[in-house]
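See structure below.
The analysis underlying the following values was restricted to heavy atoms, covering all of them including side chains, and did not include hydrogens, waters or symmetry mates.
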Amino acid sequence: MLGNFAYCNPTKLYFGEDSLNYLNDELAKYGKNVVLIYGGGSIKKNGIYDEVIRILKDNGKNVAEISGVMPNPTVGKLYEGVQTARDHHADFLLAVGGGSVCDYAKAVSVSVNCEEDPWEKYYIRFEEPSCETLPVGCVLTMVGTGSEMNAGAVITNPETKQKIGHVFADEKIMPKFAVLNPRYTLTLPHYQMVSGIYDIFNHICEQYFSGEDDNVSDYISEGLMRSVIHASRIANNDPQDYEARSNLMWAATWALNTLVSRGKSTDWMVHMIGQSVGAYTNATHGMTLAAVSLPYYRHILSYGLQKFKRFAVNVWDVDPEGKQDEEIAEEGLAAMEKWMKELGLTMNISELGATEEMLEGIADGTIILSGGYKVLEHEEIVEILKESLS
């Protein structure tokens, strides 16, 4: 491994069917005023809400609620949540839901005591908090983002058509703890399940497709990718298979808790393009990634040929015997495409609501990063988007 790095992840994980019981231990560490944050109401239908409320009340907590957090949380919803937390004099934020709810809770955390506009400070100028932040805990009900064990928070501004993620530098922004009960994921619709599965996989790809050194992180990534592929096929055939869903939940956390990024420059251009598509279409995050991934990877394949060859052999079991490097690499992407179609992922952005007239705007809204094998020009992004249309 080349270079220097620091690694710290303070989030405590509670995993398994009885993991919610540990919420009692964690709540004792924080003040009386708790803000419970959740999404569209599914946690009320499946009983998770009642369980959490009972535990909060048993621990003597004074509870306010922020409900209706959408899959792509908006800046307007952020302002609303900040006001709720201020009015409640919140001591602690408890997110119950998927990655968007966890992201949103972290955005509220850094904004409650912020004297400036949090959108401008954190998402336009990308500054770090200069105020006190609120502690966050997560009870996870959908897997994919890894938000339960990282410091990232993605917020969308519908007016400016920007969907921007800020990964905060200070580990104190990471959730203090996360409850991971795979049972909570079993009621998800198939579309959401496979969207989350691809989000997991692409998180690993974004970190894997960078660098040329002999890096431990790449070996870990290959193992995680193989595990996701294996478990996804089982879950796709039987969404109620607890073991497969538990493995996906655990893989999702390790895909984006900063472990496999150590010693890597990391790419993240699939996310940058996909998030810009999402800002225009409000499409499900994992599906925007699926729709732009293969056009992007085929575009940069020649620049990172050896890693794509390794990906084909070590992740997809492509036989390299008697083949040129580029042929091997292309076979790997073909195997990946076959798997994506097997899961039922959306493979083009037109199905998500994107039109040719949007492409220039989507490209303009794409943040260009330099950690991958090719730093893209605006025209290249437009070309990738054109390839993603159909």
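- Put simply, the side chain of L294 reaches to within 4.5 Å of the side chain of M347, judged on heavy atoms.
- Remark: of the listed residues Y208, F209, Y303, W316, F209 is the sole one forming a ring-ring contact (aromatic ring centres under 6.0 Å, His included) with F308.
- Remark: I381 CD1 to I368 CD1 distance equals 4.0 Å, nearest 0.5 Å.
- Across all their heavy atoms, S276 and I362 have their closest contact at OG-O, 2.6 Å.
- Using modelled atom types, one finds a donor on one side chain and an acceptor on the other under 3.5 Å when comparing H299 with E380.
- Counting non-hydrogen atoms of other residues, nucleotides and ligands closer than 6.0 Å to NE2 of H230 gives a total of 12 or fewer.
- Using cut-offs of 30° and 60° for the angle between ring planes, the H166 and Y122 rings count as perpendicular.
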Begin with the C-alpha distance, continue with both residues' side-chain angles, and end with the deciding distance and a verdict on side-chain contact (heavy atoms from CB on, under 4.5 Å) for N9 and M149.
CA-CA 8 Å; N9 196 317; M149 203 180 186; 3.6 Å; yes

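- Defined by atom type and a distance below 3.5 Å, a donor-acceptor pair is present between the side-chain atoms of Y79 and D117.
- Side-chain heavy atoms closer than 4.5 Å link hydrophobic residues (I, L, V, M, F, W, Y) into clusters, and following such links, even through other members, never connects I204 to V167.
- V139 is listed as a side-chain neighbour of Y184, based on a closest heavy-atom distance under 4.5 Å.
- To the nearest 0.5 Å, the span separating OG on S109 from NZ on K176 amounts to 8.0 Å.
- Smallest separation of non-hydrogen atoms from S210 and G371: CB-O, 3.5 Å.
- The two residues A312 and I328 come nearest to each other via the heavy atoms CB-O, 3.2 Å.
- When the side chains of ILVMFWY residues are joined at heavy-atom separations under 4.5 Å, either directly or via intervening members, I124 and L369 end up in a single hydrophobic cluster.
- Looking only at atom types and distance, the side chain of Y38 has no donor-acceptor partner in the side chain of T141 under 3.5 Å away.
- Minimum heavy-atom separation, T346 to Y191: OG1-OH, 4.0 Å.
- For the atom pair CD (E330) and CZ (R298), the distance works out to 8.0 Å, reported to the nearest 0.5 Å.
- Screening N59, N62, L56, D91 for a side-chain contact (heavy atoms from CB on, under 4.5 Å) involving V34 leaves a single residue, L56.
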Worked check of side-chain contact (heavy atoms from CB on, under 4.5 Å) between F15 and T253:
CA-CA 11 Å; F15 189 94; T253 299; over 6 Å; no

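- Taking the six-membered ring where tryptophan is involved, the planes of Y123 and F168 are perpendicular, since the angle between them exceeds 60° and thus also 30°.
- For the pair V270/C205, no side-chain contact is recorded, criterion being any heavy-atom separation below 4.5 Å from C-beta on.
- Annotation: K32, atom NZ; neighbour count of heavy atoms from other residues, nucleotides and ligands within 6.0 Å does not exceed 12.
- Around the CD atom of E132, the shell of radius 6.0 Å holds no more than 12 heavy atoms that belong to other residues, nucleotides or ligands.
- In terms of hydrophobic clustering, with Ile, Leu, Val, Met, Phe, Trp and Tyr side chains grouped at heavy-atom distances under 4.5 Å, I384 and Y297 are assigned to a common cluster.
- Under a 4.0 Å N-O distance rule, the pair K338/E342 does not qualify as a salt bridge.
- Atom NZ of K374 has more than 12 neighbouring heavy atoms from other residues, nucleotides or ligands inside a 6.0 Å radius.
- Hydrophobic clustering, with ILVMFWY side chains joined whenever heavy atoms are under 4.5 angstrom apart, keeps V292 apart from V154.
- Of the possible polar contacts, one joining the D213 side chain to the L2 backbone as a donor-acceptor pair under 3.5 Å is found.
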Does M287 form a side-chain contact (heavy atoms from CB on, under 4.5 Å) with V194? I'd like the steps, not just the answer.
CA-CA 9 Å; M287 293 302 185; V194 297; 3.8 Å; yes

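- Heavy-atom contacts from other residues, nucleotides or ligands closer than 6.0 Å to CD of E212 number more than 12.
- The closest side-chain heavy-atom distance from N150 to N257 is not below 4.5 Å.
- Taking the charged nitrogens against the carboxylate oxygens, R226 and D317 do have a contact shorter than 4.0 Å, which makes a salt bridge.
- Residues E387 and Y296 have side chains that never bring a donor and an acceptor to within less than 3.5 angstrom of each other.
- Between the side chain of K45 and the backbone N or O of G41, no donor-acceptor pair lies under 3.5 Å.
- The structure places CD of E206 at 9.5 Å from CG of L256, a figure rounded to the nearest 0.5 Å.
- Aromatic ring orientation, W250 versus W254: perpendicular (interplanar angle above 60°, classes split at 30° and 60°).
- Under the 4.5 Å side-chain contact rule for hydrophobic residues, F201 and L188 do not share a cluster.
- Checked by atom type, the side-chain pair E148/T11 shows no donor-acceptor distance below 3.5 Å.
- Using a 3.5 Å distance cut-off with no hydrogens or angles, the side chains of Y14 and E26 do pair a donor with an acceptor.
- The two residues M225 and F311 have their closest heavy-atom pair at SD-CE1, 3.7 Å.
- Taken to the nearest 0.5 Å, the CZ atom of R262 stands 11.5 Å off from the CD1 atom of I220.
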What do the steps show when you test R54 against E51 for salt bridge (charged side-chain N to carboxylate O under 4.0 Å, His left out), and what is the final call?
CA-CA 5 Å; R54 176 184 57 77; E51 289 185 75; 5.2 Å; no

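- In this structure, CG on N33 lies 11.0 Å from CG on L93, to the nearest 0.5 angstrom.
- Between the side chain of N236 and the backbone N or O of S232, no donor-acceptor pair lies under 3.5 Å.
- Taking all atoms of both residues into account, the shortest heavy-atom contact from A363 to V382 is CB-CG2, 3.6 Å.
- Between P10 and M174, some side-chain heavy-atom pair lies under the 4.5 Å cut-off.
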Check the pair C102 / T145 against side-chain contact (heavy atoms from CB on, under 4.5 Å), numbers first and verdict last.
CA-CA 9 Å; C102 298; T145 70; 5.8 Å; no

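- A 6.0 Å sphere centred on OH of Y22 holds no more than 12 heavy atoms belonging to other residues, nucleotides or ligands.
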